[in-house]
Amino acid sequence: QVQLVESGGGLVQAGASLRLSCAASGYIFSTYPMGWFRRTPGKEREFVASINWNGGSTDYGDSVKGRFTISRDNAKNTVYLQMNSLKPEDTAGYFCATLGFPYGSMSRREERVGSWGQGTQVTVSS
C-alpha cells in the first residue's frame, strides 16, 4: 500500500530554518503530483505547497510564499519542504500527500489528496 513518512520537524526559534522530508513507497512516486499541508489544533488543514510530477512546476499558499520551497528527487522517491524565516504562526503538524493522478495537474484542494502521511511536528517559539 501507499506509505508516506515525514521527518525533519522540530522545535526552533523564530527566524530559523528546517527542511522536511517525505519518503514515499508503494506506488510510482515519479508520476504523481505531491503536496504539503499543515494543521494546528482547532484549525482546518491549510494548503502549504505542491509540486508536479517532474518538479517543473510549484505552487504555494499565500502565507508561505517567499519563505518555503518545495522540491522532489524522483530517484530517491522523496519530496522536500525547505522552510526559511520561520514564524510562530508556522507552528503546525506538517503532512505530505499524493495529489490527483499520474502526470496530472497540481491541486490545492484536500479533495484531490489520495494518500496522507502521518505528519511531523514543527514548533516555532517566540
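Please read these numbers as outputs of a predicted model, since none were measured by experiment.
Residues meeting the ring-ring contact (aromatic ring centres under 6.0 Å, His included) test with Tyr27, sequence neighbours left out: Tyr32. Applying the side chain to side chain contact (heavy atoms under 4.5 Å, CB included) criterion to Asn74, with sequence neighbours excluded, gives Phe29, Ser30, Arg72. Here Glu46 pairs with Arg38 under the salt bridge (Lys or Arg N to Asp or Glu O under 4.0 Å) rule; sequence neighbours left out. Considering only residues two or more places apart in sequence or on other chains, Lys65 meets the side chain to side chain contact (heavy atoms under 4.5 Å, CB included) condition with Tyr60, Asp62, Arg108. For Ser85, the side chain to side chain contact (heavy atoms under 4.5 Å, CB included) criterion is met by Arg67, not counting sequence neighbours. For Ala16, the side chain to side chain contact (heavy atoms under 4.5 Å, CB included) partners at least two apart in sequence or on another chain are Val12. Among residues two or more places apart in sequence or in another chain, the side-chain hydrogen bond (donor to acceptor under 3.5 Å, both in side chains) test is passed with Gln118 by none. Not counting sequence neighbours, the partners of Phe47 by the ring-ring contact (aromatic ring centres under 6.0 Å, His included) test are Phe37.
Between Phe68 and Leu86, some side-chain heavy-atom pair lies under the 4.5 Å cut-off. Using a 4.5 Å heavy-atom threshold, the side chains of Met83 and Asp90 count as separate. Between Ser63 and Glu89, the closest side-chain pair of non-hydrogen atoms is not below 4.5 Å.
If you chain together hydrophobic residues whose side chains sit under 4.5 Å apart, Ile51 and Leu4 fall into the same group. In this structure, Tyr94 is a member of the same hydrophobic cluster as Ile70, with clusters built from ILVMFWY side-chain heavy atoms closer than 4.5 Å. One hydrophobic cluster, built from ILVMFWY side chains closer than 4.5 Å, holds both Leu20 and Val79. Follow the hydrophobic side-chain contacts under 4.5 Å out from Met34 and you never reach Met106; the two are in separate clusters.
The two residues Leu18 and Gly10 have their closest heavy-atom pair at CD1-N, 4.0 Å. Pairing each heavy atom of Pro88 with each of Ser126, the nearest pair is CG-C, 3.4 Å. In plain terms, the two heavy atoms of Ala97 and Val113 that are nearest each other are CB-CG1, 3.6 Å.
The backbone N or O of Val124 sits less than 3.5 Å from a side-chain atom of Thr91, completing a donor-acceptor pair. The closest donor-acceptor contact from the side chain of Ser57 to the backbone of Asn52 lies at 3.5 Å or more, if one exists at all. A donor-acceptor pair is defined here as one N or O able to donate and one able to accept, closer than 3.5 Å; such a pair exists between the side chain of Thr98 and the backbone of Ser115.
For the atom pair CD (Glu110) and CG (Leu99), the distance works out to 10.5 Å, reported to the nearest 0.5 Å.
Among pairs with a residue in residues 2-21, those fulfilling side-chain hydrogen bond (donor to acceptor under 3.5 Å, both in side chains) read Ser17-Asn84, at least two apart in sequence or across chains. A disulfide bond (SG atoms under 2.5 Å apart) check over residues 4-113, counting only residues at least two apart or in different chains, returns the pairs Cys22-Cys96.
With a 4.5 Å cut-off between side-chain heavy atoms of Ile, Leu, Val, Met, Phe, Trp and Tyr, the cluster of Trp53 takes in Tyr103. Side-chain contacts under 4.5 Å among hydrophobic residues (ILVMFWY), followed directly or transitively, place Leu11 with no other residue at all.
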